[in-house]
K.L.:
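Before I ask anything, let me first share the structure, which is written out below as structure tokens.
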Amino acid sequence: QVQLVESGGGLVQAGDSLRLSCAASGRTFSNYAMGWFRQAPGKEREVVAAINRSGISTSYAASVKCRFTISRDNAKNIHYLQMNSLRPEDTAVYYCPATIVGYGLGRESIYAYWGQGTQVTVAS
């Protein structure tokens with residue numbers, strides 16, 4: 001089992017920045033690829049970004065590319081989502097799942113472990 005706890009969400013103004021953190025425990029963190037997903041009210045959950053086990057390879061949804069940065073620190077068992085130039089449409093609950101699968105990281109179905117989520121609200 002992998003336990004994941006997200007933090008760093010909050011209420012911000014459009015154009016502001018936030019950094020989300022996801023702390024992992026329970027298993028060897030570096031064995032898992034990690035993602036960030038979000039779910040806005042009334043919408044399907046969608047992938048935001050993903051990072052492979054080593055942290056060398058990252059991918060982003062088109063809507064956040066060049067604004068968000070995913071990173072990880074395997075020594076500290078934590079990974080991050082730096083969110084800049086936030087927009088009202090970024091408002092959602094953000095989740096950080098983990099997967100032992102090493103490819104196709106945009107697919108929600110491959111992630112076996114999920115945190116409880118952290119709310120991000122961007123006011124216009």
Side-chain angles (χ1 to χ4, degrees):
Q1 287 284 348
V2 176
Q3 290 79 44
L4 301 163
V5 179
E6 302 96 338
S7 61
L11 171 63
V12 297
Q13 297 294 314
D16 286 350
S17 298
L18 273 178
R19 188 176 78 160
L20 305 183
S21 300
C22 177
S25 62
R27 293 287 177 94
T28 304
F29 182 61
S30 58
N31 287 346
Y32 294 84
M34 305 297 297
W36 284 99
F37 283 68
R38 67 186 180 187
Q39 187 166 24
K43 294 190 175 181
E44 300 272 323
R45 190 156 56 186
E46 62 177 0
V47 64
V48 175
I51 190 166
N52 71 343
R53 297 181 184 110
S54 67
I56 290 175
S57 178
T58 59
S59 59
Y60 298 91
S63 59
V64 306
K65 208 166 186 178
C66 299
R67 298 189 298 124
F68 291 11
T69 303
I70 189 171
S71 61
R72 66 189 295 161
D73 186 336
N74 284 347
K76 296 181 178 178
N77 290 357
I78 194 165
H79 87 289
Y80 305 98
L81 185 69
Q82 176 67 42
M83 305 186 295
N84 298 329
S85 302
L86 283 161
R87 303 168 180 168
E89 54 263 39
D90 295 319
T91 295
V93 177
Y94 284 71
Y95 300 90
C96 71
T99 178
I100 199 73
V101 176
Y103 58 91
L105 299 182
R107 295 175 293 144
E108 182 176 342
S109 61
I110 67 169
Y111 291 91
Y113 305 102
W114 292 77
Q116 81 289 349
T118 185
Q119 176 71 47
V120 172
T121 303
V122 185
S124 56

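Values below: every heavy atom of this structure, side chains too, minus hydrogens, waters and symmetry copies. The first residue in the sequence is number 1, and the count goes up from there.
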K.L.:
Taking all atoms of both residues into account, what is the closest heavy-atom pair of Thr91 and Ala40, and its distance?
P.N.:
O-CB, 3.6 Å
K.L.:
Strictly by salt bridge (Lys or Arg N to Asp or Glu O under 4.0 Å), give each pair with a member in residues 115-124 just once, sequence neighbours left out.
P.N.:
none
K.L.:
If you link I, L, V, M, F, W and Y whenever their side-chain heavy atoms are under 4.5 Å apart, who else ends up in the same group as Ile78?
P.N.:
Tyr80
K.L.:
Minimum heavy-atom separation for Asn52 to Arg72, with atom names?
P.N.:
O-NH1, 2.8 Å
K.L.:
Is a side-chain N or O of Glu6 found less than 3.5 angstrom from the main chain of Cys96, in a donor-acceptor match?
P.N.:
yes
K.L.:
Can you list everything that forms a salt bridge (charged side-chain N to carboxylate O under 4.0 Å, His left out) with Arg67? Sequence neighbours excluded, please.
P.N.:
Asp90
K.L.:
Do you know the tightest heavy-atom contact between Ala49 and Leu81?
P.N.:
CB-CD1, 4.2 Å
K.L.:
Could you list all the salt bridge (Lys or Arg N to Asp or Glu O under 4.0 Å) pairs where at least one residue sits in residues 114-124, not counting sequence neighbours?
P.N.:
none
K.L.:
Show me the donor-acceptor pairs within less than 3.5 Å that the side chains of residues 12-34 make with the rest of the protein, sequence neighbours left out.
P.N.:
unit_1 : atom_1 : unit_2 : atom_2 : d
Asp16  : OD2    : Gln13  : N      : 3.0
Ser17  : OG     : Asn84  : OD1    : 3.0

K.L.:
Is the CD atom of Gln116 crowded by more than 12 outside heavy atoms at less than 6.0 Å?
P.N.:
yes
K.L.:
Sorted by first residue and then second, give each side chain to side chain donor-acceptor pair (under 3.5 Å) pair with at least one member in residues 93-111; sequence neighbours left out.
P.N.:
Arg38-Tyr94, Arg45-Glu108
K.L.:
At their closest point, which heavy atom of Val48 faces which heavy atom of Val64, and how far apart are they?
P.N.:
O-CG2, 3.5 Å
K.L.:
Would you name the heavy atoms of Phe37 and Gly106 that are closest together and state the gap between them?
P.N.:
CZ-O, 4.0 Å
K.L.:
Where is the tightest heavy-atom contact between Asn77 and Asn74, given as atom of each residue plus distance?
P.N.:
OD1-O, 3.2 Å
K.L.:
Please report the interatomic distance CZ(Arg53) to CG(Leu105), rounded to the nearest 0.5 Å.
P.N.:
8.5 Å
K.L.:
Indicate if Val5 and Tyr113 have the same hydrophobic cluster label, given that clusters are the connected sets of ILVMFWY residues with side-chain heavy-atom separations under 4.5 angstrom.
P.N.:
no
